[in-house]
Amino acid sequence: MAAPEASDSEEEELAGYGTALEPLPEGERIKKPIPLQEQTVKDEKGRYKRFHGAFSGGFSAGYFNTVGSKEGWAPSTFVSSRQKRADKTVLGPEDFMDEEDLSEYGIAPKEITTTDDFASKPKDRIKEKARQIAGITASIPGATALDDLIAPAKITIGVELLRKMGWKEGQGVGPRVKRKPRKQKPDPEVKVYGCALPPEGSEDEEDEYQPENVTFAPKDVMPVDLTPKENVHGLGYRGLDPTKALFGVSGGDYPNLFTDGSEKTSNLLGDLRHSKGRKLGISGQAFGVGALEEDDDDIYATETLSKYDTVLKDEEPGDMLYGWTAPKQYKNKTGMEKEVRYIGKILDGFSLASKSSAPKKTYIPPDLPRDYRPVHYFRPVITARNENPLLLQALVESTGKRETDTLQQNKHTLNASQRRELLGETALKGPCPSVLEYLSVKDKERIKEAKQAAEQQMKTQTLPQQSLNISSSSDGVHHKWQMALGGQLATPGSSDFKPFAKNPEKQKRYEDYIESLKQGQKDTSESHSDPGMTEWERGRERKEFFHAAVLYKSSNSVLSSRFTRAKHEDDTDKVEVPRDQEMDVDDKESAVKMKMFGKLTRDKFEWHPEKLLCKRFNVPDPYSNSSIVGLPKVKRDKYSVFNFLTLPESTTTTISQTTNEKIQQNINPNKPKKPSRWDISDKEKKKKDSISEFISLARSKADIQQQQPESVIEDRSRTNEPLPNKAVNESTDQEKEEERRPSMDLFKAIFASSSDEKSSSSEEDSDEEAHQTPSSVPNSESTKPANLPDTSSADVQECMAVTNEPDLVSPLLKEKLDKEEEFGPRLPPVFFSSTTQRHEPVPLASSLEASQKEKPKKNKEKHKAKREHKHKKEKKKKHKKHRHKGKHKNKKSEKNSSSDTADSSDSLSDIEEITDLSSQELLRRLKHLPAMKQ
Amino acid sequence: MLLLDMLPGGADRCNTPRPGAMVPENPLSPRLAGASRSHTGRAGDEAGPTKSPAPLPSAAGPGSEEAGQGGRNQGSQNLRGRGTEWEPDTEAPLPSPRSQSPDLSDLATVGPIMAFPEPKPKKPELPKKLVQNLECKQGAVRAVRFNVDGNYCLTCGSDKSLKLWNPHKGTLLKTYSGHGYEVLDAAGSFNNSQLCSCGADKTVALWDVASGQVIRKFRGHAGKVNCVQFNEEATVILSGSIDSSVRCWDCRSRRPDPIQILDEAKDGVSSLKVSDYEILSGSVDGRVRRYDLRAGELYSDYIGSPVTSVCFSKDGQCTLAASLDSTLRLLDKDTGELLGEYTGHKNTAYKLDCCLSEKDTHVASCSEDGKVYFWDLVEGSLTLSLPVGRGVVQSLSFHPSEPGLLTATEGRVQFWREETHTAEEQPPAC
């Protein structure tokens with residue numbers, strides 16, 4: 001067993017760390033650790049404390065709803081106190097207080113705080129003073145000395161200074177007075193309870209001895225301090241003055257009733273005695289001490305009996321008591337009278353004025369006249385240019401100051417330029433307002449003539465040969481424009497205004513145009529227009545210029561002289577349009593009619609599918625490196641606004657009326673039939689008709705403008721005849737050759753609206769050509785140009801109506817008429833009545849419509865029921881149509897010259913026209929009917 | 001998905017050459033053997049009874065340049081027509097409907113077949129026997145559509161519901177409700193797991209077939225959505241609306257806006273068909289537009305009258321367009337030439353469907369006089385007018401592989417089969 005031995009030896013050599021545990025005593029059980037629930041904490045009084053809640057205080061902390069002890073309110077059992085009787089003699093209030101009350105903020109803090117002696121409070125001064133007084137006035141000097149020894153000798157610096165100045169305690173501060181201040185003395189006959197007071201020699205002596213030239217210190221009175229009332233006492237209530245009631249009048253002045261001299265002398269501690277005496281006094285009219293008040297000494301003074309007179313006697317002159325026994329401070333009533341008047345403190349160095357200031361002077365308002373009315377009324381303004389000179393004269397004479405009057409009155413009637421002149425300002429460099437000034441005299445005369453002619457023409461349309469010597473039609477038309485311009489044309493001088501600034505060439509042309517207009521040339525734009533331009537372009541531009549000139553007339557030029565052009569213009573006149581437009585439907589229409597599907601009816605576009613779409617379709621992107629989606633778009637010029645502006649012309653209304661009428665007549669027979677391929681040729685005929693009619697209308701309109709109303713008459717009289725073209729052709733001039741085509745914007749307006757093309761601006765010339773070819777049929781030379789669309793909006797509508805595709809329209813239109821919110825082909829009705837064998841195509845149709853159906857199918861068109869109110873008109877219309885049927889058949893038969901045009905939708909125009917017509921218009925037409933038949 | 005999942009035999013059935021497959025060959029073969037020019041005249045003559053008498057010569061009469069062109073067109077059209085005429089008839093390996101078969105070049109390959117025609121082909125049968133009558137009880141049935149294999153059908157009701165049927169048995173399988181207004185069209189996905197529908201509530205809904213829940217709703221159309229189609233893989237839904245746009249909705253991602261908006265139409269889009277790389281839309285503006293994704297081109301064919309329904313032929317070579325002038329037109333897809341015109345029915349007001357028969361032998365169209373009209377595709381002659389009901393026959397759907405026809409009139413859907421059809425043939429569906 002070598003190893004254990006070795007270990008033993010090693011063990012002794014080992015160094016130990018830490019303290020070894022005590023060896024367990026024999027037989028003693030190992031202390032169990034106190035379980036958690038039994039571990040307790042006790043406070044300093046041996047009470048159990050629990051870690052309980054958030055509150056450290058409170059009676060019930062630790063013991064729920066108890067007084068903080070385990071036993072709660074349980075009465076303590078009797079414990080013999082015999083052993084500890086000597087120790088515990090008296091139970092103080094502290095014995096019944098909680099320790100919280102003794103803490104710093106408790107009721108009775110036990111900690112060291114500054115006592116009153118050392119605190120600098122006014123009450124301390126009073127005490128101090130009292131102490132001093134007591135020490136001084138003590139009969140035995142030694143006592144005071146003793147008192148001084150004992151009492152903390154504390155005299156404030158103020159008191160010390162006063163003393164050095166000769167002040168003595170008990171005296172008032174101020175100059176000395178002659179009269180003896182203190183007269184009051186306790187009467188010897190006063191019954192004194194208790195032991196009789198020994199006569200105090202010193203006081204008596206003082207009383208008796210009154211030397212002549214002895215001045216006395218003033219009474220120690222508190223100055224009346226009329227402070228604003230801040231308390232809640234009753235009015236006039238004052239607590240007794242503590243100084244007087246207590247110590248201020250001490251020293252025999254106010255004999256303390258309840259303190260006797262023996263006591264005073266015997267008691268070494270005068271202040272103590274005094275305080276005791278105070279206690280004996282009658283307590284003030286107090287109601288106790290408030291909880292918040294520190295001491296009752298200050299607030300509720302003790303009132304002593306000495307303040308009151310107990311005996312009626314002669315009034316003393318200085319006393320001014322006059323038998324009153326009121327407190328002293330109210331004695332000097334007269335003296336205080338003045339002071340009372342002044343409310344507030346009197347500052348040092350000031351005194352109340354003896355004399356009252358003079359009363360304020362008040363001024364009486366003036367007397368009003370009797371007939372005064374408190375309303376202002378204005379005199380009537382008599383302007384200088386009043387036509388009553390007499391009145392004016394009278395006014396001038398009466399007032400004598402007419403000049404100013406008129407000036408003032410004119411102030412509001414002056415215009416800007418007049419004011420400018422008055423102010424002496426220089427004129428704006430705006431242009432001259434009227435283009436008329438630039439016109440030559442001859443032109444002016446011609447304009448005058450034209451105006452007259454127009455008026456006359458308006459008045460009497462029946463007189464055809466109005467003897468107007470306007471020779472050439474285009475001249476006349478153009479001249480009419482100028483006439484319409486009147487005196488309002490803009491002038492080229494307004495160089496700030498550049499309506500076509502973006503197109504410098506155009507702008508130049510515009511300026512030239514204006515210039516030439518100024519110079520009185522008639523065919524202005526022709527000379528300046530771009531030679532490369534086609535005729536219709538020229539016409540359009542001319543119209544644009546014209547409108548621009550009218551738009552920006554004088555007022556605008558005045559404005560334009562004030563405004564400057566923006567440097568940056570947004571590209572508003574560019575619009576994104578698909579690069580490739582679906583071609584016009586007209587030729588397609590014809591191709592469809594001819595069943596020539598294929599190239600003619602097919603449009604092929606480059607179309608960019610979205611990449612994701614290709615991915616989803618598992619198709620390679622055909623344009624993998626282009627970001628375009630859909631149809632490629634290009635920026636194109638939008639149409640100029642001027643295209644669509646119309647001029648207010650006096651003759652337009654009548655013209656449009658007549659044209660409406662004619663269109664009405666001409667189109668009526670071409671009622672929409674159910675489109676079928678059998679009537680292709682028929683339709684083409686109609687198309688032809690409609691176009692030529694349209695053209696002729698345009699022409700005739702122009703004719704009217706040329707003061708040749710006979711063509712209209714002719715047309716009217718010849719409605720049986722195939723067309724008014726004859727009349728039109730008669731008046732065809734060579735000059736019209738140049739304007740063979742109808743105005744382009746006319747077509748634009750038509751096609752833009754009818755086929756809902758996104759932009760009509762991209763019509764190429766070729767397109768135009770394609771359109772032109774079908775219409776260049778026999779009547780084409782009669783095509784009258786550009787002056788069409790400027791007539792009136794009614795005409796434009798007309799035009800739009802004329803050139804819709806019929807096939808597309810007829811059923812569709814019916815649909816739309818039936819129910820406006822429906823688009824495209826409808827869905828069949830939900831249920832049909834079981835009885836109707838025949839299919840009812842329009843389930844929504846009303847009974848009216850049904851009745852219409854019953855009518856013989858003379859007119860093949862099927863008018864679906866529109867809204868009810870339109871229905872009536874329609875009927876009327878139909879009426880008329882029947883009458884004209886015969887004529888138009890004739891016309892048709894004559895007019896089937898060619899068959900390759902696309903047809904226009906007569907049906908649509910027809911119906912739209914109906915909707916546009918007012919009932920009066922219808923009536924009017926009906927009246928005209930018989931005349932036309934002749 | 002599970003519900004409609006194709007039975008194992010389902011796919012086979014579609015492709016199984018049937019005895020009647022070669023039927024159309026018979027009338028065609030002599031014609032093909034003949035010269036193309038002579039054929040032209042014959043075709044015109046045959047069309048005589050139903051068509052306007054020879055409009056082309058009269059048009060070409062003036063001898064204008066256009067007339068000459070017309071003549072050329074005529075020639076090519078006839079060539080073209082011949083190509084398409086016989087192609088669907090050659091059942092020999094029936095090309096998957098969407099495969100693009102070259103037109104004239106096929107003549108060479110077809111030639112031998114022509115030379116040795118199949119013995120005794122049967123005449124194509126038309127569905128004239130009413131086998132099922134489904135009272136849908138969902139208001140007016142706006143559309144009836146076969147699913148991809150023809151075993152089931154969908155009916156779109158005006159009471160906002162969409163119903164799934166087995167038309168062979170006449171059983172209602174499921175009702176899908178969730179549209180806010182009447183349902184106007186529906187389609188099933190290629191795997192029968194999803195449905196799409198559209199309605200007058202301007203939305204396009206994607207449905208889960210089995211659960212009947214709306215998977216997604218696509219909002220964006222500004223008006224009623226007239227027609228809806230899945231693409232081949234059901235990854236894109238295409239919808240055409242009266243707001244004149246076709247919108248392509250992505251089913252794969254969660255993007256709420258369409259992939260692309262085809263807004264070339266100037267008026268409402270009434271009908272829409274999708275092939276594997278094409279989108280065919282018919283619009284009320286009278287045009288049939290074909291968006292070719294592969295070529296990146298848009299072909300717009302002017303019809304002239306508001307188009308109510310368009311469809312591809314099964315061989316993908318032709319498009320059929322029905323318009324409100326009571327005419328169906330068969331157009332060559334590539335050139336836009338007119339291959340045939342079919343009239344006799346009445347369609348002037350309503351949006352009615354048209355379709356081609358399962359082998360492109362016949363053209364069928366609804367009519368407003370309560371009948372369904374069948375025309376021979378080649379001859380253009382009216383072969384059958386099937387009286388369906390008193391009201392307008394609004395919708396029809398042809399079985400993808402068999403002579404079966406679904407017609408919807410008023411609140412009723414009827415299922416028609418050929419005369420020789422027997423119930424035993426019915427596959428045990430469902």
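Computed from a prediction, not measured in an experiment: that's the story for all the values here. In the text below, chain A, chain B and the rest are named by the order of the sequence lines, each starting its count at 1.
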Quiz item: If you count heavy-atom pairs under 4.5 Å between each of B/Gly389, B/Cys251, B/Ala295 and chain A, which one has the most?
Solution: B/Ala295
Practice problem: Please identify each residue that fulfils ring pair (Phe, Tyr, Trp, His ring centres under 6.0 Å) with A/Tyr623, with sequence neighbours left out. | Solution: A/His608
Exercise. State the CZ-OH distance between A/Phe605 and B/Tyr291, to the nearest 0.5 angstrom.
Key: 9.5 Å
Quiz item: Hey, which of B/Leu330, B/Leu338, B/Leu339 is the one that makes side chain to side chain contact (heavy atoms under 4.5 Å, CB included) with A/Phe597?
Solution: B/Leu338
Practice problem: Check whether A/Asn618 gets within reach of chain B through its side chain, its backbone, both or neither, counting any heavy atom under 4.5 Å. | Solution: side chain
Self-check item: Minimum heavy-atom distance B/Arg294-A/Val619, with the two atoms named
Solution: CA-CG1, 3.5 Å
Self-check item: Distance (rounded to the nearest 0.5 Å) between B/Ser300 OG and A/Trp607 CH2
Solution: 13.5 Å
Self-check item: Atom NZ of A/Lys615 with >12 non-hydrogen neighbours under 6.0 angstrom
Solution: no
Practice problem: Heavy-atom pairs under 4.5 Å with chain B are the metric here; pick the option from A/Pro609, A/Gly630, A/Cys614 that has the most. | Solution: A/Pro609
Quiz prompt | Steps toward salt bridge (Lys or Arg N to Asp or Glu O under 4.0 Å) verdict (A/Arg616, B/Glu233) | solution = CA-CA 8 Å; A/Arg616 294 276 185 264; B/Glu233 295 185 334; over 6 Å; no
Quiz item: What part of B/Asp292 is in contact with chain A, defined as an atom under 4.5 angstrom from a non-hydrogen atom: side chain, backbone, both or neither?
Solution: backbone
Quiz item: Side chain, backbone, both or neither: which part of B/Arg412 has a non-hydrogen atom closer than 4.5 Å to chain A?
Solution: neither
Practice problem: Return yes if some donor-acceptor pair links the side-chain N/O of A/Glu606 with the main-chain N/O of B/Glu297 below 3.5 Å, else return no. | Solution: no
Quiz item: Roughly how far, to the nearest 0.5 Å, is the CZ atom of A/Arg602 from the CZ atom of B/Arg287?
Solution: 11.5 Å
Practice problem: For B/Ile303 and A/Val592, run side chain to side chain contact (heavy atoms under 4.5 Å, CB included): C-alpha distance rounded to whole Å, both residues' side-chain angles, the deciding distance at 0.1 Å, then the answer. | Solution: CA-CA 7 Å; B/Ile303 299 296; A/Val592 166; over 6 Å; no
Practice problem: Find the one option among B/Gly296, B/Cys248, B/Gly223 whose heavy-atom pairs under 4.5 Å with chain A are most numerous. | Solution: B/Gly296
Self-check item: A/Asp603 side, atom CG; B/Arg289 side, atom CZ - distance, nearest 0.5 Å
Solution: 9.0 Å
Quiz item: Do you know which of B/Leu331, B/Leu262, B/Asp250 has the most heavy-atom pairs with chain A at a distance under 4.5 angstrom?
Solution: B/Asp250
Quiz item: How far does CG of B/Asp301 sit from OG1 of A/Thr601, to the nearest 0.5 angstrom?
Solution: 5.5 Å
Practice problem: List the steps and the verdict of side chain to side chain contact (heavy atoms under 4.5 Å, CB included) for B/Asp276 and A/Phe617. | Solution: CA-CA 7 Å; B/Asp276 51 354; A/Phe617 270 77; over 6 Å; no
Self-check item: Any A/Glu610 side-chain heavy atom under 4.5 Å of B/Ile261 side chain
Solution: no
